[in-house]
Amino acid sequence: DGGITQSPKYLFRKEGQNVTLSCEQNLNHDAMYWYRQDPGQGLRLIYYSQIVNDFQKGDIAEGYSVSREKKESFPLTVTSAQKNPTAFYLCASSIVKNTEAFFGQGTRLTVV
Amino acid sequence: QKEVEQNSGPLSVPEGAIASLNCTYSDRGSQSFFWYRQYSGKSPELIMSIYSNGDKEDGRFTAQLNKASQYVSLLIRDSQPSDSATYLCAVITGANSKLTFGKGITLSVRP
C-alpha cells in the first residue's frame, strides 16, 4: 500500500519536553513538507525539503527542527523552545517540486 | 500582502446551486495552483490542480486560472450536502518552490 504515514495519531507532551513526529512515505516522492494547523485556521508551513539532505525553513520554523537523511523519511522535532505547540501537524509529499502534494493523516499534539 | 488570500466565509448555498470559491496570490511567477478539500478533523485531500490559464473541469468541479489578474477560483456545480467542508487554495511560490496555503473557506450546503 502506497502512501504517507504519520505517527503517532495523538501525542501528549509535557512542558519543556522535546517530541518527534514521524512522517514516512513509500511513494518515491522527492519533496516533503510539514505544516501546522490551529483550530479554524489554514495551514502554515514549518519546514520543507526538495531533496535528501537539504531542507528550507518555512514561515514558522522557530522552535522546530527537521532532518532528511533518507528520501522516504522527514521527521519533525518540536522542541521546548516552541511555546505554543498544541496543534494539528500535517506532513505532505510530492513527486517533485511544483507538483501536487498529498497528505498523511496528521498528528494531534497536545501539551499537558 | 499575504501570499495566498481567500475571501472570508463562511459560504452557504442551497443544495443544487453553484458554489464559487475565489483565491488571489501575490507571486506573479507562480506556476502551480491547487484546491484541497478538508473535512472537519481530517487531513486535506487534493481535488483539483491547474497549471495554465483557463478552465479545467473534473466532474462537478471546475478550476479557473487567470495569471494576469493573479486569481484562481473553484466552481462546484450541483452542490451536495456532502460538499460541506473547508476548501483550501494552495500555490507554489518563490524560487524554492514553497507550497503556500490560504486560510480556507468553509462551505455549507443546505439540503
Side-chain angles (χ1 to χ4, degrees), chain A residues 3-10 21 23 25 27 29-51 54-61 66 68 74 87-110, chain B residues 1-10 21 23-27 29-52 56 58 61 63 65 72 85-108:
Chain A
I4 304 165
T5 302
Q6 289 188 244
S7 61
K9 189 173 181 179
Y10 299 96
L21 282 58
C23 179
Q25 53 95 3
L27 301 168
H29 284 180
D30 282 327
M32 297 187 76
Y33 306 83
W34 272 107
Y35 293 89
R36 168 184 174 141
Q37 188 175 37
D38 294 283
Q41 301 297 312
L43 277 63
R44 292 187 289 168
L45 183 63
I46 305 173
Y47 270 98
Y48 62 114
S49 168
Q50 304 289 6
I51 196 170
D54 187 41
F55 49 83
Q56 289 81 39
K57 290 183 178 180
D59 301 314
I60 56 164
V66 293
R68 188 83 189 277
F74 192 40
F88 187 37
Y89 289 85
L90 290 156
C91 177
S93 70
S94 61
I95 189 164
V96 292
K97 64 180 183 180
N98 296 330
T99 60
E100 300 95 337
F102 299 92
F103 284 84
Q105 294 307 299
T107 292
R108 292 195 181 277
L109 173 63
T110 303
Chain B
Q1 184 184 2
K2 292 183 180 176
E3 291 178 283
V4 181
E5 289 201 68
Q6 295 184 243
N7 49 350
S8 59
L21 313 175
C23 173
T24 58
Y25 60 94
S26 60
D27 181 0
S30 297
Q31 297 294 321
S32 307
F33 308 87
F34 312 100
W35 283 99
Y36 288 81
R37 177 176 62 200
Q38 187 178 26
Y39 292 113
S40 181
K42 302 295 185 182
S43 60
E45 58 178 319
L46 179 72
I47 53 173
M48 290 290 282
S49 59
I50 186 165
Y51 300 94
S52 55
K56 178 181 178 183
D58 184 0
F61 298 99
L65 175 61
V72 56
T86 296
Y87 289 81
L88 299 160
C89 172
V91 180
I92 301 279
T93 62
N96 287 325
S97 300
K98 186 172 71 165
L99 178 60
T100 301
F101 283 78
K103 287 193 172 183
I105 184 167
T106 299
L107 171 67
S108 175

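Nothing here was measured: the structure is a model prediction, and the numbers come from that model. Chain letters run A, B, ... following the sequence lines, proteins first and then strands; every chain starts at 1.
Side-chain contact between A:L45 and B:F101 is absent, with no heavy-atom pair separated by less than 4.5 Å. A heavy-atom distance below 4.5 Å is found between the side chains of A:Y48 and B:K98.
In B:K56, the NZ atom is crowded: over 12 heavy atoms of neighbouring residues, nucleotides or ligands sit closer than 6.0 Å. For B:E45, the CD atom counts as densely surrounded, since its 6.0 Å shell holds more than 12 non-hydrogen atoms of other residues, nucleotides or ligands.
In terms of heavy-atom pairs under 4.5 angstrom with chain A, the leader among B:S40, B:P44, B:G102 is B:P44. Counting heavy-atom pairs closer than 4.5 Å to chain B, the top residue among A:E100, A:Q6, A:Q41 is A:E100.
Checking B:S32 against A:N98 by side-chain atom types alone, no donor-acceptor pair falls below 3.5 Å.
Residue A:R44 does not touch chain B at all, counting heavy-atom pairs closer than 4.5 Å. When heavy atoms are compared at a cutoff of 4.5 Å, A:L90 approaches chain B solely by way of its side chain, counted from C-beta outward. In this structure, chain A has a heavy atom under 4.5 Å from the side chain of B:L46, while its backbone stays farther away. The part of B:Q38 that comes within reach of chain A is its side chain, from C-beta onward, which places non-hydrogen atoms under 4.5 angstrom from that chain.
The two atoms that bring B:L99 and A:Y33 nearest to each other are CB-CE2, 3.7 Å, heavy atoms only. Taking both residues in full, the closest heavy atoms of B:S97 and A:Q50 are given as O-NE2, 3.1 Å, listed atom of the first, atom of the second, then distance.
Put simply, OG1 on B:T100 and OH on A:Y35 are 6.5 Å apart, with the number rounded to the nearest 0.5 Å.
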